[in-house]
Amino acid sequence: GNGDLPHALECAREAIRVKPDEYMNWSELGLLYLKNEPDKAVEPLRHAFGLAPKNPPSCLLFAKALSSAGHLDEALETAEDCTARFGRGALCLYVLTEVYCRKGDHDKAFATYSELRALDKARADEIYKSCLSQGF
């Protein structure tokens, strides 16, 4: 539960102190924040992405953090960059759909959602419930 968060954050920070060049440690810290305080997720995930720029999940997590924190222009730029480099897989399309949805770009959100639905119905249903069903 959330009572474990301070302990988990402390562990993640300790891992970073020991191995600051290990992108997984920064990712872990960013993920903990993403679930609880998305504003604080941006910098650790930016750092993780800097350490592992060729890693698709690190790119997408950074885009998701930006989106969750409300930095929608940079989120879109990052998500489109991930997609250009790593292809239109389900994770990429999920993040893109979320960013378009948050930006209120109805047409693009539904276009990427349709593409996602063909690849991964479960993820498509999830983003539909969390964003598209809100009717902008």
Item to complete: In sequence, state the C-alpha distance, the side-chain angles, and the governing distance for Val42 and Phe62, and then conclude on side-chain contact (heavy atoms from CB on, under 4.5 Å).
Response: CA-CA 7 Å; Val42 172; Phe62 178 43; 4.2 Å; yes
Item to complete: Begin with the C-alpha distance, continue with both residues' side-chain angles, and end with the deciding distance and a verdict on side-chain contact (heavy atoms from CB on, under 4.5 Å) for Glu28 and Glu22.
Response: CA-CA 10 Å; Glu28 192 60 38; Glu22 180 52 63; over 6 Å; no
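Linking Ile, Leu, Val, Met, Phe, Trp and Tyr residues whenever their side-chain heavy atoms come within less than 4.5 Å leaves Leu61 and Leu51 in two separate clusters. Hydrophobic clustering of Ile, Leu, Val, Met, Phe, Trp and Tyr side chains at less than 4.5 Å, counting indirect connections, unites Tyr23 with Leu29. Linking ILVMFWY residues whenever their side-chain heavy atoms come closer than 4.5 Å, directly or via other members, places Met24 and Leu32 in the same cluster. Grouping the Ile, Leu, Val, Met, Phe, Trp and Tyr side chains by contacts below 4.5 angstrom, directly or via other members, places Leu76 with Leu91. There is no path of hydrophobic side-chain contacts, each under 4.5 Å, that joins Leu45 to Leu60.
Salt-bridge check for Lys121 with Glu126: failed, with every basic side-chain N at 4.0 Å or more from each acidic carboxylate O. Checked for salt-bridge contact, Arg123 and Glu98 miss the test: no charged N lies under 4.0 Å from a carboxylate O. The existence of a salt bridge linking Lys40 and Glu37 is confirmed by a sub-4.0 Å separation between a basic side-chain nitrogen and an acidic carboxylate oxygen.
Ser67 contributes no side-chain N or O that, together with a main-chain N or O of Ala63, makes up a donor-acceptor pair within less than 3.5 Å. Here the side chain of Thr83 pairs no donor or acceptor atom with the backbone of Cys92 at under 3.5 angstrom. A side-chain donor-acceptor contact under 3.5 Å links Asn25 to the backbone of Ala15. No donor-acceptor distance shorter than 3.5 angstrom exists from the side chain of Asp105 to the backbone of Cys101, with no hydrogens or angles considered. Judged by distance alone, with hydrogens and angles left aside, the side-chain atoms of Ser58 form a donor-acceptor pair with the main-chain N or O of Ala52 at under 3.5 Å. No side-chain donor-acceptor contact under 3.5 Å links Trp26 to the backbone of Asp21.
Evaluation of the disulfide bond (SG atoms under 2.5 Å apart) rule for Cys82 yields Cys59 as partners, not counting sequence neighbours. With sequence neighbours excluded, no residue forms a salt bridge (charged side-chain N to carboxylate O under 4.0 Å, His left out) with Glu77. Asp81 is linked by a salt bridge (charged side-chain N to carboxylate O under 4.0 Å, His left out) to Arg85, counting only residues two or more places apart in sequence or in another chain.
Contact of the Tyr113 side chain with the Leu93 side chain is not registered, since no non-hydrogen atoms from C-beta on lie closer than 4.5 Å. Counting only heavy atoms from C-beta outward, the side chains of Val99 and Glu80 never approach each other to under 4.5 Å. At least one side-chain heavy atom of Leu9 sits under 4.5 Å from a side-chain heavy atom of Leu5. Between Arg88 and Thr112, some side-chain heavy-atom pair lies under the 4.5 Å cut-off. Side chains of Pro44 and Tyr33 form a contact here, defined as non-hydrogen atoms less than 4.5 Å apart.
Considering CG of Leu66 and CG of Leu72, their distance stands at 9.0 Å, rounded to 0.5 Å. Going from atom NZ of Lys108 over to atom OG1 of Thr97 covers 12.5 Å, rounded to the nearest 0.5 Å. Note: Cys11 SG to Ile16 CD1 = 11.5 Å, rounded to the nearest 0.5 Å.
Contact detail for Leu132 and Ala109: the closest heavy-atom pair is CD2-CB, 3.7 Å. Closest approach of Ala90 and Leu119 over heavy atoms only: N-CD1, 3.9 Å.
Between Tyr128 and Phe110, the angle of the ring planes goes over 60°, which puts this pair in the perpendicular group of the 30/60° scheme.
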